[in-house]
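Each remark here refers to the structure printed beneath this line.
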There are 2 protein chains.
Amino acid sequence: MSEPKRPSGKPATINDIARLAEVSKKTVSRVINNSPFVKEDTRRRVEAVIAEHGYSPDPQARGLAFRRSFLVGMIYDNPSPNYVVNMQQGVLDAVRGAGLELVVHPCNRASDRFLDEVRSFIVRQKLFGVILPPSVSEDDRVVQILKAADCPYVRIASVSLDVPECMVVTHDSRGAARAARHLAELGHRRIAFISGPDSFRSSHERGRGFQDGLAEHGLKLDPAYVRKGAYTFESGVEAAAELLALPEPPTAIFAGNDEMAIGVMKAARDAGMDVPGDLSIVGFDDLPMASRVWPNLTTVRLPIRDMGRMAAEKLTAGLHGLDAATMIQPEVDPSLVVRDSTTGPRP
Amino acid sequence: MSEPKRPSGKPATINDIARLAEVSKKTVSRVINNSPFVKEDTRRRVEAVIAEHGYSPDPQARGLAFRRSFLVGMIYDNPSPNYVVNMQQGVLDAVRGAGLELVVHPCNRASDRFLDEVRSFIVRQKLFGVILPPSVSEDDRVVQILKAADCPYVRIASVSLDVPECMVVTHDSRGAARAARHLAELGHRRIAFISGPDSFRSSHERGRGFQDGLAEHGLKLDPAYVRKGAYTFESGVEAAAELLALPEPPTAIFAGNDEMAIGVMKAARDAGMDVPGDLSIVGFDDLPMASRVWPNLTTVRLPIRDMGRMAAEKLTAGLHGLDAATMIQPEVDPSLVVRDSTTGPRP
DNA sequence: GGGGGGACTGACACCGCTGGCCATTCGGGC
DNA sequence: GCCCGAATGGCCAGCGGTGTCAGTCCCCCC
């Protein structure tokens with residue numbers, strides 16, 4: 001249906017369409033850009049020709065004239081392939097069909113050229129918009145650059161850091177609270193928590209939510225049962241080894257993410273403990289791994305792809321004549337995925 | 001050092017540079033494009049101004065004039081986040097600094113609009129080049145589209161499918177042969193193989209290499225010990241369950257990828273078998289999971305990031321005045337990562 | 001001293017599209 | 001018949017670069 005009709009091999013231009021539709025290229029341009037001053041009749045005729053010839057305007061030329069590209073950037077510093085790929089997919093869900101493309105920009109926030117690189121990327125590409133997943137989303141310096149470059153952006157973070165139209169809040173605390181309730185309801189009382197590193201907001205949010213959840217059941221997190229991890233497998237192993245060596249070891253451990261939770265599993269195995277018999281474990285993220293390891297890990301799942309889509313939709317809202325601030329905002333709601341790594345404590 | 005000097009906030013243009021360097025914008029253009037017809041003196045002067053003002057030419061305008069964008073596309077249909085992210089990273093390793101950006105284009109090869117979508121992407125964006133990882137790299141229809149659009153591309157595949165300058169060959173067969181030798185040298189004789197689906201070249205290559213490796217030790221793959229999987233966890237479980245139910249079950253299983261290998265582990269556990277005591281298992285891919293599951297999985301690792309980099313370097317060779325065909329070509333060499341899921345068979 | 005040629009540079013059109021401004025046409029209300 | 005607004009076209013400039021081509025300059029050689 002949309003086979004380009006020009007035998008020349010080169011794609012059609014706006015002039016071709018104008019000639020074939022017997023209108024001026026100005027009117028074709030009006031149609032493309034949804035100008036309201038086009039008769040319905042004319043619009044249909046032009047659109048027919050466009051469709052017939054599979055024409056789509058050259059994004060470079062258009063971008064040049066608009067002083068803005070049709071590229072959405074995603075700037076991230078996230079080592080989890082699962083997170084990254086799902087978020088990319090979500091962004092693409094929203095961005096395709098809007099005629100935008102996704103340019104990925106992983107970066108190293110620890111590098112001393114980090115800001116210069118990001119600035120140069122943003123300024124040079126005149127991005128249509130930028131998606132900032134954690135932890136880059138938490139870096140105000142990046143946001144400053146974006147503002148200075150007059151580049152729209154959406155930040156994805158566990159807690160609100162900005163005006164609503166620039167935020168997708170993931171409410172990690174709610175997910176952690178669910179984990180807490182789950183463990184409390186199973187009857188656990190000696191419950192431990194392994195946090196992520198301080199440099200991540202999610203780390204605090206997950207800890208806070210977990211405490212809130214426990215509090216609902218009249219439980220308090222004993223500081224003796226809290227360890228700081230680094231969101232890595234090894235740090236999970238280490239922290240859990242310490243906890244399990246306690247005179248009164250916990251009967252359940254909530255790890256700040258799945259990597260650490262699986263480290264906890266290893267530590268339990270090393271200590272000759274049965275999971276979940278001797279120790280219940282809950283993670284956070286629902287990595288693919290979580291449903292492969294044995295026992296399958298109970299964990300909190302974030303709808304990452306949806307989050308990406310929602311963020312991108314805020315960016316493209318303007319294209320559809322919507323206002324990102326007033327959009328009906330589906331809330332991100334972390335869910336608890338109960339699998340086999342949790343059960344009641346031994347009597 | 002590279003702080004833009006224009007208080008206006010807008011980035012410098014070629015005209016600004018021309019004025020400041022007291023040359024025509026054409027000469028600035030020559031400097032940017034490394035034209036040999038610029039006096040050394042002039043070039044230095046222009047470069048000084050460019051550096052001083054942190055100028056970099058607008059990719060859109062340049063692309064418009066060149067009839068080519070500065071975007072590298074990566075078109076893939078690969079469900080493994082690990083693979084995708086590593087390959088993206090590798091491509092970026094090569095592409096950054098060349099002034100190119102990476103546009104990601106996951107797709108669904110099963111969709112009936114697949115080819116139209118890919119065509120529209122390629123034609124519209126006038127891509128600088130395209131990276132095709134498996135399995136898209138094996139689709140000749142995509143390659144036809146690229147050729148028709150006069151768009152450079154590099155295919156990454158387990159076996160050569162094209163002229164050398166358009167190929168990065170991953171030699172999966174060599175990796176599989178290593179796995180075979182490893183098992184043979186451990187003393188295994190009843191060795192099973194779970195293949196991937198027929199639709200993947202890698203599936204055949206891994207099978208072929210495995211047989212070759214066995215043959216070096218005078219062993220032959222007994223068809224009774226071969227099952228076809230689908231590169232999924234579940235298919236691994238299923239195939240292994242069948243194999244382990246055999247009257248004389250294998251003492252070692254080579255799975256076509258890690259997903260299936262981990263499925264094999266589950267099947268072994270379900271069958272009450274000890275890994276590696278009763279059953280040795282080897283996978284392929286070295287997913288992050290492989291070093292998290294228990295026992296840690298022995299597997300074959302492909303240098304995915306390097307592969308991405310090598311592919312992108314072929315694309316950018318022209319920019320550096322090199323010829324992709326004659327480049328010194330580092331070979332991809334899959335390596336065997338021996339972990340804890342393999343040992344000798346019980347006597 | 002004049003001619004020739006290579007090295008270097010700049011003027012100008014153009015890439016494909018949008019925006020501004022004005023002219024033109026058409027149809028309808030009064 | 002007049003006026004007005006909606007719909008459209010024409011034209012030109014401009015986005016920020018590059019290609020073409022025609023110089024200009026300088027040096028070398030006869």
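Quick note on labels: first sequence line is chain A, next is B, and so on, each numbered from 1.
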### Query
Which comes earlier along DNA chain C counting from the 5' end, the contact point of B:Arg45 or that of A:Ala65, where each point is its nearest nucleotide?
B:Arg45
### Message
Whole angstroms only, please: what is the CD1-C1' distance between A:Ile32 and C:dG16?
### Response
10 Å
### Task
Give one of base, sugar-phosphate or nothing for A:Tyr55, where a contact means two heavy atoms less than 4.0 Å apart.
sugar-phosphate
### Query
Counting distance only, does the side-chain N/O of A:Lys314 pair as donor-acceptor with the main-chain N or O of A:Pro164 below 3.5 Å?
yes
### Query
Per the side-chain contact (heavy atoms from CB on, under 4.5 Å) rule, which among A:Val168, A:Leu315, A:Val104 passes with A:Ile131?
A:Leu315
### Message
Base, sugar-phosphate or nothing for B:Val23? Non-hydrogen atoms, less than 4.0 Å.
### Response
sugar-phosphate
### Query
What's the CG-P distance between A:Asp58 and C:dG16, to the nearest Å?
7 Å
### Query
For B:Val91, does its backbone N or O pair with a side-chain atom of B:Arg96 as donor and acceptor, under 3.5 Å?
no
### Task
Give a yes or no on whether a donor-acceptor pair under 3.5 Å exists between the nucleobase atoms of C:dG10, that is its base, and the side chain of B:Arg30.
yes
### Message
Taking any heavy-atom pair under 4.0 Å as a contact, classify B:Phe37: base, sugar-phosphate, or nothing.
### Response
base
### Task
Check the distance between C:dC17's C1' and A:Asn33's CG and give it to me in whole angstrom.
9 Å
### Query
Between A:Ser69 (side chain) and A:Gly63 (backbone), is there a donor-acceptor pair under 3.5 Å?
no
### Axis-to-axis angle between the two ends of the helix from C:dG1-D:dC30 to C:dC30-D:dG1 (five base pairs per end, rounded to 10 degrees)
50°
### Task
Check the distance between C:dT25's P and A:Lys26's NZ and give it to me in whole angstrom.
19 Å
### Task
Using a 4.0 Å heavy-atom cut-off across all strands, classify A:Ile14 as base, sugar-phosphate, or nothing.
sugar-phosphate
### Query
So, is B:Thr42 near the phosphate of C:dT9, with a side-chain N or O under 4.0 Å from OP1 or OP2?
yes
### Summary
Quick note, B:Ser29 side chain, CB onward, closest among D:dT18, C:dG10, C:dG16 is D:dT18
### Message
Please give me the minimum heavy-atom distance between B:Ala311 and B:Val154, naming the atom from each residue.
### Response
O-CG2, 3.5 Å
### Message
What is the separation between atom NZ on A:Lys126 and atom P on D:dC15, rounded to the nearest whole Å?
### Response
11 Å
### Task
For B:Asp41 and C:dT9, give me the distance from atom CG to atom C1', rounded to whole Å.
13 Å
### Query
Heavy atoms under 4.0 Å, any strand shown: does A:Glu40 hit a base, just sugar-phosphate, or nothing?
nothing
### Task
Test the B:Arg68-B:Phe128 pair against the cation-pi criterion, namely NZ or CZ under 6.0 angstrom from the six-membered ring centroid and within 45° of the ring axis.
no
### Donor-acceptor pair between A:Gln88 and B:Gln88 side chains, under 3.5 angstrom
yes
#### Entry: Donor-acceptor pair, side chain of B:Arg45 and main chain of B:Ala21, under 3.5 angstrom
yes
### Query
Which nucleotide, C:dC15, C:dG16, C:dT18, lies nearest any side-chain atom of A:Leu64?
C:dG16
### Task
Calculate the interatomic distance between A:Arg43 atom CZ and D:dA7 atom P; express it in whole Å.
10 Å
### Query
Counting any heavy atom closer than 4.0 Å, what does B:Asn15 reach on the DNA or RNA strands: base, sugar-phosphate only, or nothing?
nothing
### Query
Separation of A:Arg67 atom CZ from C:dG19 atom P, in whole Å?
9 Å
### Message
Using OP1 and OP2 only, check whether a side-chain N or O of A:Arg62 sits under 4.0 Å from C:dT18.
### Response
yes
### Under-3.5 Å donor-acceptor pair between B:Lys25 side chain and D:dG17 base
yes
